[in-house]
Amino acid sequence: MKTNYMLMSALLAGSLTIGCSKDNSADVSRPTADAIAATDVTAAANVPITATIIVKAGQTYDGKGNTIIAQGLGDGSQSEGQKPIFRLENGATLKNVKIGAPGCDGVHVYGNATLDNVEWLDVGEDAMTLKSKGTVTLNNCIAQKAADKVLQINADGTININNFRVTTFGKVLRTNGSGQYNVTVTINGGTFNGGTNIVRTESKNLRVRYRNMSTSNVSKLWEVPSSSQVSTY
Ligand code: DGU
Ligand code: CA
Ligand code: CA
């Protein structure tokens, strides 16, 4: 190995630095960390839509914190027949999105789905409907201002609800009419403030398990055929 004695002695003497300036306090061209954050992070925005957003089987829609504003899909009232904002096909994931007013018919799920950090700012006819058999997991979601139902269950299913925060509602979860759906609901954590029921069902085949759930101003937590359908875990 050939040694460069000139370079070695300069380094040892501290008179040479490699690759950076010794004193950058006067280097005004170098952006601060704050400036980088301000320019690199895109501010959340409103995203107008005029048709349902379809998330195909197995795909993910990441809203990146943006707010969807629907036009022409419904008025967010209690009238039936409004269109959904999102349609999730089997195995789809919806995350990091806010659904603004009008909430229309919310999110329709066909099969299995995961909803992470979805926020309904003003629930429309309802927030989410299970349209065909599947397992739906909601993580860290928020729903506000639901005139009536939040989660509408129109099929057999497993509904896992983790840290859901709901303010002002009729029912957080409701099965359709007198349907005897086979449903397992698990509620882990979450806060539910200002409503009539957490679960209302006519189904004798629905089970609810819950823990660490905080409720305030809820008239009757469980409107179910038999109290034996509800347990902690
Ligand atoms: O009988 O079936 O509101 O799926 C009434 C209807 C009603 C449903 C529900 C839904 O319960 O349309 O959003
Ligand atoms: Ca509906
Ligand atoms: Ca409804």
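Counting convention: from 1, in listed order, for ligands and their atoms alike.
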Is a side-chain donor-acceptor pair under 3.5 Å present for Thr60 with Asp62?
no

What is the closest protein heavy atom to atom 13 (O) of ligand 1, and at what distance does it sit?
Asp126 OD2, 2.9 Å

Any side-chain donor-acceptor pair under 3.5 Å between Asn139 and Asn162?
yes

Any protein heavy atom < 4.0 Å from atom 1 (O) of ligand 1:
no

Please determine which of Val185, Val136, Thr135 meets the side-chain contact (heavy atoms from CB on, under 4.5 Å) test together with Asn160.
Thr135

What about the rings of Phe86 and Tyr61, do their centers lie closer together than 6.0 Å?
yes

Examine the side chains of Gln144 and Glu119 and answer whether a donor and an acceptor come within less than 3.5 Å of each other.
yes

Residue Glu125 vicinity, atoms of ligand 1 by number, heavy atom under 4.0 Å
3 (O), 13 (O)

What is the minimum heavy-atom distance between Pro102 and Gly74, and which atoms define it?
CG-O, 3.5 Å

Could you walk me through whether Asn193 and Ser216 satisfy the side-chain hydrogen bond (donor to acceptor under 3.5 Å, both in side chains) test, starting with their C-alpha distance in whole Å, then the side-chain angles of each, then the deciding distance to 0.1 Å, before giving a yes or no?
CA-CA 5 Å; Asn193 179 24; Ser216 53; 2.9 Å; yes

Of all protein heavy atoms, the one nearest atom 11 (O) of ligand 1 is Asn176 OD1, 2.9 Å

Under 6.0 Å between the ring centres of Phe169 and Trp120?
no

Output, by chain and residue number, all protein N/O/S atoms separated from the Ca ion (ligand 3) by less than 3.0 Å.
Glu125 OE1, Glu125 OE2, Asp126 OD2

Determine whether any protein heavy atom is located less than 4.0 Å from atom 5 (C) of ligand 1.
no

Consider only side-chain N and O atoms of Ser77 and Ser79, and report whether a donor and an acceptor are under 3.5 Å apart.
yes

At a 4.0 Å cut-off, with the gap strictly under it, does some heavy atom of Lys149 reach an atom of ligand 1?
yes

Look at atom 12 (O) of ligand 1 and say which protein heavy atom is nearest, naming residue and atom and giving the distance to 0.1 Å.
Glu80 OE1, 3.0 Å

Arg87 charged N/C atom sitting above Tyr110 aromatic ring, 6.0 Å / 45°
yes

For Gln152, the ligand 1 atoms whose distance to one of its heavy atoms is below 4.0 Å:
3 (O), 4 (O), 9 (C), 10 (C), 13 (O)

